[in-house]
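Notes for the one structure printed next.
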Amino acid sequence: MATLVPIQARCPTCGSGDVFYTCHTTCCFNHVCSACRTTFELATRVLGRTDEVPAVPQDRDTSLPMAPCAACEKADVFQQEGREELLCASCHSLLALEYEKIVSDQT
C-alpha cells in the first residue's frame, strides 16, 4: 500500500513543479505556476478501479495542488507516492490527473 502525498502537478506550459493552489475547495481548482504565471485548473478522471486507502495526512497544506474526485466530487485526492495514479481518500477511486482551462501569461 502506497503512502499518500500531495498531488505532484507540473505546469502544462513550462513543466515546472512550482505550482500553487490559489482558491478554496468550495470554489474552483485554479492553480498558478510561479515560474511562467500560467493559470490552469486541475481535474481528475476515474480509472475504474479502487484501492485501499493508507493513513491520510492530517496537516494538509492548502497552497499545494488539489483536485476534485471525478467519482464523488470531494477534494480528498492525493498522489500515491511513487505512482502516477491519484487516490481519493473518501471513495477509494483511482484517478488520473487532468489539466483544464490552461491560460499562458502573455506579458
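Note that the numbering runs from 1 along the sequence shown for the chain.
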TODO: Output, in order, the C-alpha distance, side-chain angles, deciding distance and verdict of side-chain contact (heavy atoms from CB on, under 4.5 Å) for C91 and K74.
DONE: CA-CA 9 Å; C91 71; K74 294 189 178 174; over 6 Å; no
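From L86, atom CG reaches atom CG of D76 across 13.0 Å, with rounding to the nearest 0.5 Å. Interatomic distance, SG of C72 versus NE2 of H92, reported as 9.5 Å (0.5 Å rounding). M66 CE to H31 NE2: the interatomic distance, rounded to the nearest 0.5 Å, is 8.0 Å. The OG atom of S104 lies 11.5 Å from the CZ atom of R37; values are rounded to the nearest 0.5 Å. The SG atom of C69 sits 4.5 Å away from atom CG of L95, with the distance rounded to the nearest 0.5 Å.
By the 30° and 60° cut-offs, the orientation of the rings of Y99 relative to F40 is tilted. The aromatic rings of Y21 and F29 lie parallel to each other, with less than 30° between the two planes, well short of the 60° mark.
Remark: side-chain polar atoms of S63 are not paired, donor with acceptor, to backbone N or O of F20 under 3.5 angstrom. No donor-acceptor distance shorter than 3.5 angstrom exists from the side chain of E73 to the backbone of A71, with no hydrogens or angles considered. Q80 contributes no side-chain N or O that, together with a main-chain N or O of F78, makes up a donor-acceptor pair within less than 3.5 Å. Side chain of T44 to main chain of A70: a donor-acceptor pair is present (N/O by atom type, distance under 3.5 Å, no hydrogens or angles).
Environment of CD in E98: crowded, with over 12 heavy atoms of neighbouring residues, nucleotides or ligands closer than 6.0 Å.
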